[in-house]
Amino acid sequence: MLDMKWIRENPEEAEKALKSRNPEIELVRLLDLDLQRREAITHSESLRAEQNKVGKEIPQRKKAGESADELIARLSEIKREAQEAQDRLKGIESGFEEISLGLPNIPHDSVLRSLDKEDNQVVKTFGEKPDFGFPFKNHLELTEGLGILDFERSAKITGAGFPLYIGDGARLERALINFLLDENEEAGFTPLGLPYLVNAETGYTSGQLPKFADQMYHVTEDDLYIIPTAEIALGGLHRDEILADSELPLRYTAYTACFRREAGTYGAEERGLVRTHQFNKIELFSLVTPEQSYEELELLRGRAEQSVEKLGLHYQTTDLVSGDLGQAAAKTYDIEVWLPGQDRFYEVSSCSNCEAYQARRGNIRFRRGKDGKPEFLHTLNGSSLATSRLMIGILECNQREDGSVSIPEVLRPYMRGQESLKK
RNA sequence: GGUGGGAUGGCCGAGCGGUCGAAGGCACCUGCCUUGAAAGCAGGCGAGGGUGCAAGUCCUCCAGGGGUUCGAAUCCCCUUCCCACCGCCA
């Protein structure tokens, strides 16, 4: 959700910024409803004030031993009017919310205005494309040879898009998860074990609801949503709280499975582990004061980059253009790992500063000192990292001619010293 | 799933249906006192919103949502959450 006061005062600037993300966004209707809303509030409240005033006279009249019948009659008339005004206000507000809850965040000034993903700026590159010197295999050929991944059987269990790791495959991913959690914890992030199902309020906080409801699995029986990323659950963590500025920044890390319906997407080129309904991810999440948030974004990005570097994978970091930003983000860096089998870079991390967008929706605030007025804080999230896609990179980039795969050294302690994956 | 008990301001805690946004205590802030501190004294001290240059003023909020009533923190109904016990169970 956006700062309505700011939009009201800077309508052209706001619309221009939002159009840089989606040219179809118009604010005319929102501004009109905002005006109507405030008028309706004033009208409704003045009637309430009168109602209260007359209401207070009744006991006084009665105490004095006089009849209050006439006042009571007048009051019922005021009440009827007040109720009408109230109903009208509710109608306006629901229209207002429908629009305002659907609007994306305003991009940060430093974000390049463009609708074309091709304009995403590469801000860092690490390593090089591997030169195998032999016909290399893609991750599906490798995992089949090693017997560590089985999509045919997982389809029997569930259906398409749900990976089944076996033996060394399961072990390697677990090693990745533990390695990343340890790295993050050493960097000062508090580890959390999170619920995988969230209620609707939490879904709204992150910006996932109402607009992207169809991307989440919904347990209708209990009206709970299965998280597409830990970020959604983390958004609910401090909902409706006022934190002390001395507690900030709050930094969390959590491993969760992530579930995405991927409705409307399909692609023969995204086979195997590239895009699945269920995958694993370690998340970073920070709550900070507004003046800290861009420094924090660099911290998250650096944290994620460092982990990829330790794994020895070739990657590039891009600064996304306005048109490629997620709903809640004001600025985002993507970290993409080179996947030889796909012949392109693939996102393994996305680090975003959501500024006050989520805080406003979830009413997450902080107070400066003892006497400061509560203010919305800034939230940031970053993947560190998506392990399922990392698996592809590790397998494909570390393969040997015989189909075995050498395990990155940093993971070996997590694999009881195992140095390679062999049949 | 069943039964019973709860939910009030940062915390604790009172609140006959009628000046209750809410006693009292703790914590906190300001001033007095003090060499300094403590104690004591005086005052202040929730959030959101409308309006206004501002002082201010008005509205809303006692878990959430409905209802009864001229009037609800107080009465009724529903929901959620917490606690206890029973049932079931990793």
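Only heavy atoms go into these numbers, but all of them, side chains included; no hydrogens, no water, no symmetry mates.
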Whole angstrom is fine here: how far is it from [atom1] in [X] over to [atom2] in [N]?
X	N	atom1	atom2	answer
A:Glu50	B:C59	CD	P	11 Å
A:Asp223	B:C81	CG	P	12 Å
A:Leu35	B:U51	CG	C1'	14 Å
A:Glu201	B:U79	CD	P	17 Å
A:Leu89	B:U60	CG	C1'	11 Å
A:Arg367	B:G48	CZ	P	8 Å
A:Ile72	B:G18	CD1	C1'	12 Å
A:Asp240	B:G10	CG	P	12 Å

Which one is paired to [N], where only Watson-Crick or G-U wobble pairs with both distances under 3.5 angstrom count?
N	value
B:G87	none
B:G18	B:C70
B:A47	B:U60
B:A7	B:U80
B:G31	B:C41

Sugar-phosphate, base or nothing in reach of [X], heavy atoms under 4.0 Å:
X	result
A:Arg74	nothing
A:Arg37	nothing
A:Asn363	nothing

[atom1] atom, [N] versus [M]: distance in rounded Å?
N	M	atom1	answer
B:G17	B:A72	P	14 Å
B:C28	B:G65	C1'	35 Å
B:G6	B:G25	C1'	22 Å
B:G31	B:C75	P	45 Å
B:G67	B:G15	C1'	23 Å
B:C11	B:C16	C1'	28 Å
B:U60	B:A22	P	14 Å
B:U3	B:G87	P	15 Å

*asked:* I want to check one thing: is the phosphate of B:U60, taken as OP1 and OP2, less than 4.0 Å away from some side-chain N or O of A:Asn52?
replied: yes
*So does A:Arg48 get a side-chain nitrogen or oxygen closer than 4.0 Å to the phosphate oxygens (OP1/OP2) of B:U60?*
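Checking B:U60 against A:Arg48, a side-chain N or O does come within under 4.0 Å of OP1 or OP2.
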*Kindly determine whether A:Tyr414 and A:Asp182 satisfy side chain to side chain donor-acceptor pair (under 3.5 Å), including the steps that lead there.*
CA-CA 11 Å; A:Tyr414 294 91; A:Asp182 282 354; 2.7 Å; yes
*5' precedence on RNA chain B between A:Ile242 and A:Ile41 (nearest-nucleotide basis)*: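 Per heavy-atom nearest nucleotide, the more 5' residue is A:Ile242.
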*On RNA chain B, check which nucleotide each of A:Gln51 and A:Lys373 is closest to and give me the residue with the more 5' one.*
A:Lys373
*Output yes when A:Glu24 and A:Lys19 qualify as a salt bridge under the 4.0 Å nitrogen-oxygen rule, no when they do not.*
no
*Could A:Lys281 and A:Glu283 be called an ion pair, given the rule that one side-chain N must be under 4.0 Å from one carboxylate O?*
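A:Glu283 and A:Lys281: salt-bridged.
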*asked:* I need the single residue from A:Tyr333, A:Tyr294, A:Tyr357 that forms a ring-ring contact (aromatic ring centres under 6.0 Å, His included) with A:His108. Which is it?
replied: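 Considering A:Tyr333, A:Tyr294, A:Tyr357, a ring-ring contact (aromatic ring centres under 6.0 Å, His included) with A:His108 is found only for A:Tyr294.
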*Show your reasoning for whether side chain to side chain donor-acceptor pair (under 3.5 Å) applies to A:Ser206 and A:Gln358.*
CA-CA 5 Å; A:Ser206 59; A:Gln358 296 177 327; 5.2 Å; no
Considering only side-chain heavy atoms of [X], which listed nucleotide, [options], is closest?
X	options	result
A:Arg365	B:A47, B:G49, B:U51	B:A47
A:Lys79	B:U51, B:G71, B:C59	B:G71
A:Glu45	B:C59, B:G66, B:C70	B:C59

*Measure the CZ-OG distance between A:Arg21 and A:Ser114 for me, rounded to the nearest 0.5 Å.*
13.0 Å
*So A:Arg303 and A:Asn184, side chain to side chain donor-acceptor pair (under 3.5 Å) or not? Walk me through it.*
CA-CA 7 Å; A:Arg303 181 79 288 291; A:Asn184 293 339; 2.6 Å; yes
